[in-house]
Amino acid sequence: MIQSLRGMNDILSEDFERFEYFLATASTIAKRYGFHYIETPLLEETALFKRSVGESSDIVGKEMYQFTDKGENDVCLRPEGTAGVVRAFVQHKLDKKGGIHRFYYHGPMFRYERPQKGRLREFHQFGVESFGVDSVYEDALMIMMVADILKSLGIGYRLKLNSLGDQNCMPAYREKLVSFIESCGDEICGDCLRRKSTNPIRVLDCKNEHCQNLYVNAPKLINNLCEGCQSDFDTLKTILEQHNIGYEIDTNLVRGLDYYSKTAFEFVSDNIGSQSAIAGGGRYDRLIEFLDGKPTPAVGFALGIERLMELIVMPEQQREGYYFGAMDAEAITPVLLAAEKIRRTQKAVVEYEPRSLKAHLKGADRINARYCAVIGENELANNTIWIKDLVEKTESVIPLNELF
RNA sequence: GUGGGUGUAGCUCAGUCGGUUAGAGCAUCAGGUUGUGGUUCUGAGGGUCGUGGGUUCGAUCCCCAUCACCCACCCCA
């Protein structure tokens, strides 16, 4: 038997209903906030991700599905969605056009990781990117949108917030941090030693207990923000409070992608195991110029759909449409014709095998149909069809030509 | 990439201290006297016990490998 690749799943029937429900809910909300759908390729030039996500990140460093195609191009399956959207934004010269551009997207992402709960090699994200808005209000909008989506789906969460600073305060802070790390001498772990030169901020994120103990007194970025970053961060907190969105400041929240600056946030759930991040995002004002565009402020977020799946509270399913069945082999012809008529406006499912009335009622029940429509001996003789409303428990026999 | 766990019916799982025809519940299908469901009763079908080797007179059970899944580390959505 040929199986799907490791960490790559089929999504069928019941699961897909949830999936579809999620997409419908999230898309509706994104549109309501003024965002437009954008579809970008699953396959992109490898350089795109190296320059955006960053070579120091694990994603690019060891998790990409990278290969050379038949035209000798170094390509890879997208590990995340932002890079492609920014590439499209620049390629279509929207940066030069100016103004505000707001996009949402959803689709599969690929990361070569060891699968576990909430972590797949092919997984799906729903994301949003906003270009051209400098204001923190847009950062707040992002967070409000995620909160809105999660609320609509009946999902509880905790929101973690941090500011990563910008070009003014980050370099100075980085220096401060590096000298602090150096003061720890060789007590730090190997990973931290490496991060010290590649991406020092990430040491704060270290899961090693010994390191964490060393870093309690590390300088915190939050205390070293420049005036602009500080006032934006304060404003953001105020807006969230005004909108009744609870948050906790997490000074160790460092997004794993290199392109973030200023606002960084993460929504986590305590009910889905160790892969608890259900949404993450932030501001990335420098990314557009990294990808050869005109400097343009930008913010975005991405939601991990699979991680939300088991948390989604679905609305109760109503009985819907028709179930058609024949009690005699000869009755199948009028049954098919009747079903075709109904199908112009409603759902109609036909059982081809002649069965007892009881069996048909069971069948109708199983597919959660509202009506069970059957043609047997009596109906066949009179050109009628017997229809039972499974909710009202009423039944009627009507002439076939009066079927709407 | 590292560590631990699990693979028996469509699903959830028993089980055999190695020994004849491998079980249950749910699901499916059929019946409970003439054409009435979602709650009953009876019965039936369905398994090369993940795959490949090895030990043995004999393996679903023990050993090795392999694959898949699960959980955690790590990473992140």
Side-chain angles (χ1 to χ4, degrees), chain A residues 1-9 14 22 53 56-64 78-82 106-128 146 150 157 189-191 195 202 205-209 253-257 260 265-269 272-282 300-309 311 319 323 325-328 331 351 353-372 374-380 386-391 393-395 397:
Chain A
M1 182 178 59
I2 296 176
Q3 304 189 31
S4 64
L5 259 20
R6 181 168 212 197
M8 302 203 176
N9 292 160
E14 320 87 60
F22 165 80
V53 179
S56 75
S57 71
D58 278 28
I59 295 176
V60 168
K62 43 193 185 193
E63 295 173 2
M64 291 209 292
R78 62 182 184 193
E80 58 100 47
T82 302
H106 51 79
M109 306 295 161
F110 302 84
R111 263 121 94 157
Y112 196 89
E113 297 186 275
R114 180 110 171 230
Q116 73 181 70
K117 189 177 178 66
R119 191 168 76 185
L120 295 165
R121 288 184 173 178
E122 180 185 23
F123 62 101
H124 296 77
Q125 287 191 335
F126 177 95
V128 143
V146 177
L150 295 179
Y157 60 83
C189 70
D191 282 339
R195 292 188 191 114
R202 303 233 57 193
D205 222 11
C206 185
K207 299 299 184 298
N208 187 308
E209 212 175 303
L253 174 65
V254 179
R255 312 250 63 243
L257 291 70
Y260 286 110
F265 61 87
E266 198 167 281
F267 284 74
V268 298
S269 165
I272 53 170
S274 72
Q275 304 300 309
S276 59
I278 51 180
F301 73 77
L303 265 141
I305 302 179
E306 281 84 354
R307 288 185 185 175
L308 296 179
M309 287 293 261
L311 300 172
R319 284 187 176 277
Y323 166 99
M327 292 178 67
D328 298 294
E351 167 59 53
E353 295 303 316
R355 293 238 165 97
S356 67
L357 185 62
K358 183 176 181 165
H360 283 311
L361 281 160
K362 272 190 175 177
D365 199 48
R366 194 168 32 238
I367 64 159
N368 213 29
R370 170 80 193 257
Y371 301 101
C372 179
V374 173
I375 297 182
E377 209 181 342
N378 305 339
E379 293 77 18
L380 203 55
W386 175 88
I387 298 173
K388 177 162 184 174
D389 182 328
L390 265 28
V391 175
K393 300 179 198 299
T394 55
E395 46 193 276
V397 175

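Any value given below was found using the heavy atoms of this structure, including those in side chains, with hydrogens, waters and symmetry copies removed. To find a chain, count down the sequence lines: A is the first, B the second, and so on, and within it residues start at 1.
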Q.
Distance check, P atoms only: B:G7 and B:G50, in whole angstrom units.
A. 8 Å

Q: Assess whether atom CD of A:E377 is packed by more than 12 heavy atoms of other residues, nucleotides or ligands within 6.0 Å.
A: no

**Q.** Any-strand Watson-Crick or G-U partner of B:A30, both distances under 3.5 Å
**A.** B:U42

Q.
I need the CZ-C1' distance between A:R366 and B:A27, as an integer number of Å.
A. 10 Å

Q: Could you measure between the two C1' atoms, the one in B:A24 and the one in B:U8, and give it in whole Å?
A: 13 Å

**Q.** Nucleotide B:C75, atom C1' - distance to CZ of A:R121 in whole Å
**A.** 13 Å

Q. What is the distance, rounded to the nearest whole Å, between atom CD of A:E63 and atom P of B:A77?
A. 10 Å

(Q) Base, sugar-phosphate or nothing for A:G7? Non-hydrogen atoms, less than 4.0 Å. (A) sugar-phosphate

Q. A:E306 near the nucleic acid: base, sugar-phosphate alone, or nothing, with a heavy-atom cut-off under 4.0 Å?
A. nothing

Q: Assign A:E353 to base, sugar-phosphate, or nothing according to its heavy-atom contacts below 4.0 angstrom with the strands shown.
A: nothing

**Q.** Proximal nucleotide (of B:A77, B:U36, B:C29) relative to the A:L357 side chain
**A.** B:U36

Q. Are A:K117 and B:C70 close enough that a side-chain N or O sits under 4.0 Å from OP1 or OP2?
A. no

Q. On a whole-Å scale, what distance lies between the C1' atoms belonging to B:C13 and B:U55?
A. 30 Å

Q. Is there a donor N/O on one and an acceptor N/O on the other, under 3.5 Å, for the side chain of A:E379 and the base of B:G35?
A. yes

Q. In whole angstroms, how far is the C1' atom of B:C70 from the CZ atom of A:R6?
A. 11 Å

Q. Can you check whether A:D365 reaches A:R319 side chain to side chain, under 4.5 Å on heavy atoms?
A. yes

Q) For the pair made of NE2 in A:H360 and P in B:A30, what is the distance, rounded to whole Å? A) 10 Å

Q. Watson-Crick or G-U wobble partner for B:G52, using a 3.5 Å limit on both distances?
A. B:C64

Q) Which whole number of Å gives the distance between the P atom of B:G52 and that of B:U60? A) 11 Å

Q.
In whole Å, I'd like the distance from the CD1 atom of A:I272 to the P atom of B:A77.
A. 13 Å

Q) Distance between the P atoms of B:G23 and B:G43, in whole angstroms? A) 16 Å

Q) Given that both distances must come in under 3.5 Å, which nucleotide forms a Watson-Crick or G-U wobble pair with B:C13? A) B:G23

Q.
I want to check one thing: is the phosphate of B:A72, taken as OP1 and OP2, less than 4.0 Å away from some side-chain N or O of A:S274?
A. yes

Q) So what's B:G1 paired with, Watson-Crick or G-U wobble, going by both distances under 3.5 Å? A) B:C73

Q.
What's the gap between B:G4 and B:C41 when it is taken at their C1' atoms, as a whole Å value?
A. 47 Å

Q) Which whole number of Å gives the distance between the P atom of B:A59 and that of B:G53? A) 13 Å

Q) Please give, in whole Å, the distance from B:C69 P to A:R119 CZ? A) 13 Å

Q. Once you round it to whole Å, what is the distance between C1' of B:G4 and CD of A:Q116?
A. 13 Å

Q: Identify whether any heavy atom of A:A279 sits under 4.0 Å from a base atom; if not, whether one sits that close to sugar-phosphate; answer base, sugar-phosphate or nothing.
A: sugar-phosphate

Q: Give the B/S/- string for nucleotides 37-49 of chain B, one per nucleotide from 5' to 3', where a protein heavy atom under 4.0 Å of the base yields B, of only the sugar-phosphate yields S, and otherwise -.
A: BB-----------

